[in-house]
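Quantities reported herein were computed from a predicted structural model and do not represent experimental measurements.
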Amino acid sequence: MKTISKFFCKEEAMIKTEALTKHYGNVQALKEVDLEIGTEVFGLLGPNGAGKTTFIRIIATLLPPTSGRATVFDYDVVHQRIPIRKMLGYLPQEFGAYPKLTGREYLEYIACLKGIRRPKEQIDALLSQFGLTQVARRRVTSYSGGMLRRLGIAQALLGNPKVLLVDEPTGGLDPEERVRFREFLMGLRGERVVVLSTHLVEDVAMACDRLAVLHQGRIKFYGTPKDLIQAFQGKVYEIEVPETEVKEKLAALGERVLTTQRRDANRAVRVLGKLEGASPVTPSLEDAYLALLRS
Amino acid sequence: MIQKFLLELKITAPWGALGVAVFLGILRLTEAISPTDPEVWSGWVSFLEIAFPLLPPLLLFTLLEREKSWRTLETLVTTPYRKAWIFLERYLIVMLAVFLGVVAGVRPQEYLVLMGSGLALGGMALVGSLVFGEEIGLALSLGWWGFSLALAVAKPDLLGAGTASWFFLILSRSPLLPAEVALRRWGHLGMGLALLLFALGIAERKRTWHSR
């Protein structure tokens, strides 16, 4: 496991942060984060309250850092906000659209704000890509949560931005839409800088080239999903426990428990570290992530 | 530009309300209707002098608060479009609608009674909202209005005293001469415009934007 405090990518970094720190009163949301992100799909993984949204909001020029520095294509997020906004597509965690507008009108409005001339073709293509053509002339108030999320992703992609920041994008999507969205993100690989903030390990496992795990405002891991799994190779064990004994067993194992899975009348329990009667297994990305948070 | 303005109209106010305001404005400006009865007129203007200034801060509060409750603020801010222009356009749309709606019952020489204090309170609400938050912006402007009203009701003679009289919004019962009242109303109008410009500057430089 990497324990260094600075995390640099091999390719040219498009987003860089140096000792990035953010306080909300006495709460320290980010603590001296040094990170470099290149032209890739980059996952920002962490539990709720880890500082992911704060990081994304600083990069999106919505929040100034308390100290430290962040740049996007060498533009400073505090002093050069307009050039950054010109190359930015952003899907906030809580996305909403103007209730009186239709889906198409909302995209037309955002296209105006982004300074896109003759956006019709782009809007048509995005509506079609995200399965919204049929409902494009309906007011957004009639949209389901999934449709609204897809509209949010479409607005973020208007203008073909160089940098795409998506904060918890799969929340509210049904499994089919989630898979479609991950495939879409995979399709952006190598085209632009994509930062995906999520607490869902499957999102990162499916779509990201590299990831950083944020925990309590600090980076606990930086590398590829394979690196993270590798770091816990030989440290994750599995034991089968009869369903009737699961409660007591889990209570006894406490923090060491990573994941559990039903297997006929038994439960397969994965734990961190050796355990009598348990056999070593190759950890999944979820096992490795949870092991990292517990270690 | 035209498309954006039409979308801005649709976002800002209901078509029905805009239609009624424009219709009333047309009726008044073409003199199809005009307030001529002096007795009714004086009561109406006195009422408007007290009530009308409340509209700009309340409408501004609604505009800013709606942007947050609709969760559209963050997307709006991260576009390169100048935030000051968006706020200005929306503010002017509601103010124009309100003004057109109200002029139906007001003579041109009294427009200043309405617009001076209304714009001053609106400007105060906008500056306060952008610097401290919507609730505080609204509270500051309502506080200013309430203090002026209390003084106009309880001690109108105090309004005749020097510099302080420039900061009170309800002047019809004051011992000031009509020319002095008009001068103060122009002052309020100027103050309102200056606060509006200041607020637009703040909107451009504001670094922290929060949704609810």
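The two residues B:Y81 and A:C112 make their nearest non-hydrogen contact at CD1-O, 3.9 Å. Residues A:K86 and B:P80 come closest through the heavy atom pair CG-CB, 3.7 Å. Minimum heavy-atom separation, A:P92 to B:E74: CB-OE1, 3.2 Å.
Residue A:R138 places its CZ atom among more than 12 non-hydrogen atoms of other residues, nucleotides or ligands, all under 6.0 Å distant. Within a 6.0 Å radius of OH in B:Y111, more than 12 heavy atoms belonging to other residues, nucleotides or ligands are found. More than 12 heavy atoms of other shown residues, nucleotides or ligands fall within 6.0 angstrom of atom CZ in A:F73. Counting non-hydrogen atoms of other residues, nucleotides and ligands closer than 6.0 Å to CZ of A:R218 gives a total of 12 or fewer. Counting heavy-atom neighbours within 6.0 Å of B:W166 CH2, excluding the residue itself, gives a total above 12.
Ranked by heavy-atom pairs under 4.5 Å with chain A, the first of B:R207, B:E8, B:Q3, B:K206 is B:R207. Most heavy-atom pairs under 4.5 Å with chain B, from the set A:P99, A:P161, A:G115, A:G89: that is A:P99. When B:K4, B:R82, B:M1 are compared by the number of non-hydrogen pairs under 4.5 Å with chain A, B:K4 comes out ahead. The choice from A:I82, A:I84, A:V78 that makes the most heavy-atom pairs within less than 4.5 Å of chain B is A:V78. Per-residue heavy-atom pair counts under 4.5 Å with chain A were compared for B:T79, B:T78, B:T208, and the maximum is reached by B:T78.
Considering CH2 of B:W85 and CG of A:L113, their distance stands at 14.5 Å, rounded to 0.5 Å. Atom OG1 of residue A:T61 and atom CH2 of residue B:W209 lie 10.5 Å apart, to the nearest 0.5 angstrom. In this structure, NZ in A:K100 is found 9.0 Å from NZ in B:K10, a value given to the nearest 0.5 Å. For the atom pair OH (A:Y106) and CD1 (B:I11), the distance works out to 9.0 Å, reported to the nearest 0.5 Å.
Within the 4.5 Å cutoff, the side chain of A:I110 has no heavy atoms near those of the B:L76 side chain. Proximity of B:T75 to A:Y90: side-chain heavy atoms (C-beta onward) are nowhere separated by under 4.5 Å.
The parts of A:A60 that come within reach of chain B are both its backbone and its side chain, each placing non-hydrogen atoms under 4.5 angstrom from that chain. Interface residue A:Q155: only side-chain heavy atoms are found under 4.5 Å from chain B.
With hydrogens and angles ignored, the 3.5 Å screen pairs no side-chain donor or acceptor of B:R66 with any backbone N or O of A:Y98.
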